Structure formats: structure tokens, C-alpha cells
**Q** 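Please read through the structure below; I'll follow up with questions.
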Amino acid sequence: MKLYMAGPLFTPYHRAFIARNAERLRDAGFVCLVPHERGVTREIERAAGRVLSAAEIFDMDYEMVAAANAVVALLDDPDVSSGTAAEIGIFYGLMQHDPTKKGIVGLLTDDQAWKRAEVGAPPINAFTLGCVERTGRVYRSLDDVIDHLNTWRKELRKASVLNVEPQDGRQ
Amino acid sequence: MKVVLSGIITTPYAREFLSRCAAALRGKGFECYIPTGDGPMDRTHAENSTQRDYEALDTAEALVAVLDGFAVSDGVAGHIGTFYAMMQRSPAKRGIIGILHDARVARWDWAAGAQALNYYILGCIEERGRVFRSFGEALAELLRWDGRVDEARSVDAGLA
């Protein structure tokens with residue numbers, strides 16, 4: 001089962017957190033598509049010898065989103081990263097006509113967001129939250145995310161969508 | 001030298017980053033306050049955190065502020081404003097050092113540097129300080145402020 005790991009990747013500690021989560025998910029047997037593992041934009045541009053256009057960056061990420069069976073979205077920070085929100089919207093749209101796409105699971109570790117939820121305010125933007133809740137759920141811990149993904153994986157196996165998959169979740 | 005280290009404290013990995021920076025500062029002999037405290041975070045009452053952070057800022061000689069995010073965190077901006085006001089009446093306060101990693105603001109190669117930060121915040125920092133691209137560079141600057149030029153050179157050399 002292929003997962004697209006959406007989330008803000010603009011600081012070293014965000015990237016380290018996403019990388020640690022991807023490692024755990026791979027240990028659990030999932031294939032993880034992680035945008036910053038393709039190189040951050042600077043490295044990709046150096047390799048290409050030129051500045052990438054926004055459209056080219058979009059194409060790289062879209063290819064991964066479109067190939068995934070599910071999205072694991074890191075929803076932290078004062079507002080959900082705009083790139084992450086767009087990817088959630090894209091996946092929500094794609095899954096309306098593709099039964100191999102199971103849904104979106106949110107990981108929200110941000111104390112401030114949970115504090116908003118405790119007093120009845122939406123923890124994140126309501127439209128983004130709706131995309132997740134219509135197709136999956138928001139969790140505070142990766143353990144709960146993995147439990148949810150395991151259920152989807154069983155459903156996909158039952159539907160014979162996942163025929164051959166790497167044993168350790170690596171591509 | 002007493003330093004307040006301010007940054008995003010609402011996610012576990014951002015807190016972990018601050019804790020690691022604080023440990024490095026203490027390892028270099030700086031007295032370091034971080035808003036999360038050293039034990040489990042107790043921020044149940046905003047009033048307590050305001051009072052605690054204010055007292056730490058009042059007695060600190062320098063503020064190191066992590067400026068990440070599309071916009072600087074409101075808590076960090078509050079610390080910067082408070083410390084800037086304290087600087088106006090206290091020449092003992094050396095100044096504010098910023099750390100900016102966020103590639104949306106500085107660009108991936110840091111080509112934009114601090115130029116895209118909110119100008120009011122940047123002005124508060126640049127009155128007596130600067131914005132750096134990494135904690136290591138900020139640490140070297142703090143060592144220079146503390147008169148430890150050789151140690152600063154050694155940190156700079158390690159970054160090169």
C-alpha cells in the first residue's frame with residue numbers, strides 16, 4: 001500500500017519528523033512517497049542546472065499524490081501548510097472516482113490546535129478538516145495513524161488491489 | 001551570559017529542536033531559559049506563562065528567536081517586542097539574534113535571507129543583532145557577544 005506523506009518540509013525539524021514517521025511506516029510494511037526524499041528544491045535545481053518553475057515542482061508532487069492509495073498529512077502549525085492543504089484537496093478529488101484510493105489520515109500534534117478543538121472551535125480550517133473526516137480521521141499519534149492504515153490495507157487486500165508488495169515497504 | 005531561547009513550542013519536534021539548542025548553549029556555559037521549561041510543559045494558564053517568560057526576558061542579556069513559519073510565530077513575535085522594549089532602557093541587554101530556516105521565506109539556498117521577514121520584527125532584531133541561517137551561526141555570534149572570540153572562530157570553522 002502506497003502512502004503519500006504530505007506536510008510542511010521547510011525547516012530541518014519538520015523534515016526530520018516526517019522522515020522518522022516514514023521510517024516507522026516502512027517498518028510497518030507501507031511504501032512511503034516522501035517529497036523531500038527526492039531532494040529539496042535547491043538540490044533538484046542544482047542537479048537540473050536551472051531554477052525549476054512552480055509547474056515543474058507541482059508535476060513532481062502530483063505524480064506521487066496520484067500514485068498513492070492513501071495520504072498521511074501532517075496538519076501542524078498555526079495554519080495547515082498551503083501545499084499540504086492543496087494535496088489533500090487533490091487526493092479528495094481523485095478518490096471520488098478511484099476505489100484504490102482509500103482516504104486521508106491526518107496527524108495533528110500541535111497543542112494549540114487541540115486546545116481549539118477542546119473549546120469547540122475547529123482545530124484546523126473546516127474545509128480541510130472536512131476533506132480528511134469524509135475520507136479518514138485526524139489523530140494525535142502515529143500509532144493511531146498506523147492502526148487506521150492497517151484497516152485500509154486489509155480492505156485493499158480483500159479487494160485484491162494489492163497483489164505484490166515489497167515486504168519491508170521500501171521501493 | 002543569560003539567554004532566552006524563543007521558538008515554536010506547540011509541536012513535539014519543534015520543542016525537541018529548542019531543547020537541543022538549549023542543551024548546546026548550556027554546554028557552552030550560557031544560562032538558558034526556554035518557554036517550555038526543562039520538565040513537562042505546564043502552560044495551563046496563559047497568565048503563568050506570560051509572567052514566567054516576562055521575568056526571564058527581564059533578566060536575560062540576549063534573546064535568541066527562531067523565526068520559522070510563513071509568518072513568525074505570534075508567541076515569538078511577542079517575545080521579540082517585549083525584549084526590544086526592555087533594550088530601550090537597559091544597555092546591559094546585548095540584543096536579539098534570529099535564526100531563520102524556513103525555505104518559504106529565506107529560499108532553499110537562503111538567497112532571500114531575512115529580507116522577506118516582517119519589517120517591524122526585522123527592525124527590532126537589527127537594532128542590536130542579526131538573523132542567521134542556523135543555530136551554529138547564532139551560537140558563534142553569542143560567543144562573540146560574550147567576548148569568546150576564539151571559541152566563536154572554532155564554531156564557525158566547524159560550520160564551514
Side-chain angles (χ1 to χ4, degrees), chain A residues 7-24 35-36 38-48 50-52 54 57 74-86 106-119 123-124 139-143, chain B residues 5 7-22 24 34-37 40-46 49 65-78 98-112 116-118 132-138 159:
Chain A
L9 44 79
F10 305 102
T11 73
Y13 40 94
H14 281 102
R15 289 194 291 277
F17 184 67
I18 292 169
R20 282 204 303 266
N21 292 344
E23 193 62 32
R24 281 201 53 206
H36 74 254
R38 285 190 156 185
V40 293
T41 305
R42 175 186 52 190
E43 291 160 356
I44 295 168
E45 285 177 348
R46 272 192 200 139
R50 64 187 174 81
V51 175
L52 293 182
I57 293 167
L74 181 61
L75 305 171
D76 289 342
D77 294 333
D79 209 355
V80 173
S81 157
S82 51
T84 303
L107 176 59
L108 182 62
T109 75
D110 199 301
D111 295 339
Q112 203 66 34
W114 285 106
K115 200 184 287 179
R116 284 194 292 273
E118 279 168 21
V119 297
I124 60 169
Y139 294 102
R140 199 166 188 162
S141 82
L142 192 66
D143 289 334
Chain B
L5 181 57
I8 297 163
I9 58 168
T10 57
T11 63
Y13 43 94
R15 288 195 291 270
E16 187 185 315
F17 175 75
L18 281 188
S19 295
R20 284 206 315 269
C21 293
I34 46 176
T36 52
M41 204 167 56
D42 171 26
R43 299 186 73 84
T44 320
H45 302 290
S49 67
V66 182
L67 306 168
D68 293 333
F70 231 132
V72 173
S73 151
D74 52 355
V76 175
I99 300 171
L100 176 62
H101 306 104
D102 204 298
R104 291 166 294 189
V105 180
R107 306 306 302 145
W108 289 98
D109 54 2
W110 222 72
L117 285 171
N118 174 286
F132 295 92
R133 65 195 299 172
S134 71
F135 171 73
E137 289 182 6
L159 295 169

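Quick note on labels: first sequence line is chain A, next is B, and so on, each numbered from 1. Note that the structure is predicted; figures quoted are calculated from it, not measured.
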**Q** With rounding to the nearest 0.5 Å, note down the distance linking NE2 in B:His101 to CZ in A:Arg15.
**A** 9.0 Å
**Q** Starting at CD1 of B:Ile8, measure out to OG1 of A:Thr11 and round the result to the nearest 0.5 Å.
**A** 7.5 Å
**Q** Answer yes or no: is there a side-chain heavy-atom contact under 4.5 Å between A:Asp111 and B:Arg15?
**A** yes
**Q** Identify which one of A:Ile18, A:Asn21, A:Leu74 satisfies the side chain to side chain contact (heavy atoms under 4.5 Å, CB included) criterion when paired with B:Tyr13.
**A** A:Leu74
**Q** So which residue, A:Pro12, A:Pro78, A:Pro8, ends up with the most heavy-atom pairs under 4.5 Å with chain B?
**A** A:Pro12
**Q** Which value, rounded to the nearest 0.5 Å, describes the distance between B:Asp102 atom CG and A:His14 atom NE2?
**A** 8.0 Å
**Q** Using the rule given for side-chain contact (heavy atoms from CB on, under 4.5 Å), can you reason through A:Tyr13 versus B:Thr11, listing the C-alpha separation, both sets of side-chain angles and the distance that settles it, and then say yes or no?
**A** CA-CA 10 Å; A:Tyr13 40 94; B:Thr11 63; 5.8 Å; no
